[in-house]
Amino acid sequence: MNGYSQYKEKSIYSMSGPELLLLLFDEAIRRLTRAEHALQDKNYKDFDDCVTRVTKIVRYLTDILDMSQPIAWDLKRIYDYLVFDLSRVRAGRERQESEIGRIRHILSELREGFDGASRKVSDTHVVRGKEIRG
């Protein structure tokens, strides 16, 4: 393993849960953009690879949901819909090309929501009792 790969692996292992979640969304969004370009270039092998990877990411996001949280059921439905829509895009290619942008938009909105929520949680802190010195 070269130095860059080791650095990249160590940086991923040192990330917090919210950072890793955002990284997954970023990778899915990046892959959808790449799939769109591959489709325009008629590079179907790269297109299929990108859509497959995005599907795996969305399935992983479904798998890591904490179903004891009320919002998890809504997220699961959204993720299930995205997996369904990705399968339609993959099967339809040019006929479903316009769907790629919509899927990317949904993932971007989810990413922004998680980013905002993680910032709000990390900004919250416990105020301890003040001590008067004099």
Side-chain angles (χ1 to χ4, degrees):
M1 187 183 297
N2 66 24
Y4 176 73
S5 295
Q6 288 175 337
Y7 167 76
K8 191 174 175 182
E9 186 175 324
K10 285 182 183 179
S11 68
I12 289 173
Y13 284 126
S14 65
M15 289 181 165
S16 68
E19 289 172 327
L20 287 170
L21 185 64
L22 295 178
L23 184 69
L24 286 170
F25 279 108
D26 290 341
E27 181 64 16
I29 292 164
R30 187 178 70 79
R31 290 285 177 166
L32 282 173
T33 301
R34 187 170 160 187
E36 199 168 37
H37 293 298
L39 190 58
Q40 291 167 356
D41 296 340
K42 298 198 184 306
N43 182 351
Y44 299 121
K45 184 179 185 305
D46 193 34
F47 169 80
D48 286 339
D49 180 56
C50 289
V51 172
T52 299
R53 287 179 186 248
V54 174
T55 302
K56 286 181 181 181
I57 290 170
V58 174
R59 285 189 175 139
Y60 178 74
L61 291 171
T62 303
D63 290 344
I64 63 172
L65 284 173
D66 178 0
M67 298 311 285
S68 67
Q69 301 298 320
I71 194 169
W73 291 103
D74 293 329
L75 287 170
K76 182 178 180 336
R77 289 194 344 229
I78 292 170
Y79 294 153
D80 288 345
Y81 171 75
L82 290 174
V83 168
F84 171 75
D85 219 15
L86 284 164
S87 67
R88 287 182 46 224
V89 166
R90 189 169 183 200
R93 290 187 180 156
E94 285 93 355
R95 291 174 298 171
Q96 301 293 332
E97 184 178 358
S98 62
E99 295 295 307
I100 296 172
R102 197 170 58 74
I103 294 168
R104 187 175 47 241
H105 176 74
I106 292 169
L107 287 171
S108 296
E109 291 290 319
L110 287 168
R111 186 213 182 276
E112 292 305 314
F114 280 112
D115 187 31
S118 69
R119 287 175 194 256
K120 189 172 181 177
V121 168
S122 67
D123 287 345
T124 309
H125 61 279
V126 177
V127 178
R128 296 187 178 145
K130 291 185 178 179
E131 180 179 323
I132 299 175
R133 296 184 184 194

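Quick note: residue numbers are just sequence positions, from 1. Values below: every heavy atom of this structure, side chains too, minus hydrogens, waters and symmetry copies.
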Inset, instruction - Kindly indicate, with the supporting measurements, whether the criterion salt bridge (charged side-chain N to carboxylate O under 4.0 Å, His left out) is fulfilled by Asp26 and Arg30. - result: CA-CA 6 Å; Asp26 290 341; Arg30 187 178 70 79; over 6 Å; no
Same apolar cluster (I L V M F W Y, side chains within < 4.5 Å links), [X]/[Y]:
X     : Y     : result
Trp73 : Leu75 : yes
Leu86 : Leu65 : yes
Val58 : Tyr60 : yes

Inset, instruction - Only pairs at least two apart or in different chains count here, so list each salt bridge (Lys or Arg N to Asp or Glu O under 4.0 Å) that has a residue in residues 32-41. - result: Arg34-Asp46, Glu36-Arg104
Between atom [atom1] of [X] and atom [atom2] of [Y], what is the distance when rounded to the nearest 0.5 Å?
X      : Y      : atom1 : atom2 : answer
Leu82  : Leu61  : CG    : CG    : 9.5 Å
Leu107 : Glu112 : CG    : CD    : 12.0 Å
Ser118 : Leu22  : OG    : CG    : 5.5 Å
Ile100 : His37  : CD1   : NE2   : 10.0 Å
Asp49  : Arg31  : CG    : CZ    : 6.0 Å

I'd like to check [X] versus [Y] (side-chain heavy atoms, cut-off strictly below 4.5 Å). Are they in contact?
X      : Y      : result
Val89  : Phe47  : yes
Ile57  : Phe25  : no
Lys76  : Met67  : yes
Arg111 : Asp115 : yes
Val83  : Thr62  : no

Tell me, please, which residues at least two apart from [X] pass side chain to side chain donor-acceptor pair (under 3.5 Å).
X     : result
Tyr44 : Glu94
Asn43 : none
Asp66 : Ser68

Legend entry - Under the side chain to side chain contact (heavy atoms under 4.5 Å, CB included) test, residues paired with Glu97 that sit two or more places apart: Leu39, Gln40
Legend entry - Qualifying residues under side chain to side chain contact (heavy atoms under 4.5 Å, CB included), relative to Arg102, sequence neighbours excluded: Tyr81, Asp85, Glu99, Ile106
Inset, instruction - Answer yes or no: is there an ion pair linking Asp80 with Arg77, defined by an N-O contact shorter than 4.0 Å? - result: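 A salt bridge is absent here (no side-chain N lies under 4.0 Å from a carboxylate O).
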Inset, instruction - Inspect the contact between Arg59 and Asp63 and indicate whether a charged nitrogen and a carboxylate oxygen are less than 4.0 angstrom apart. - result: no
Inset, instruction - Say whether Arg90 and Thr55, considering side chains only, have a donor N or O and an acceptor N or O under 3.5 Å apart. - result: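 Short answer, no.
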Inset, instruction - Look at atom CD1 of Ile64 and say whether more than 12 heavy atoms of other residues, nucleotides or ligands are closer to it than 6.0 Å. - result: yes
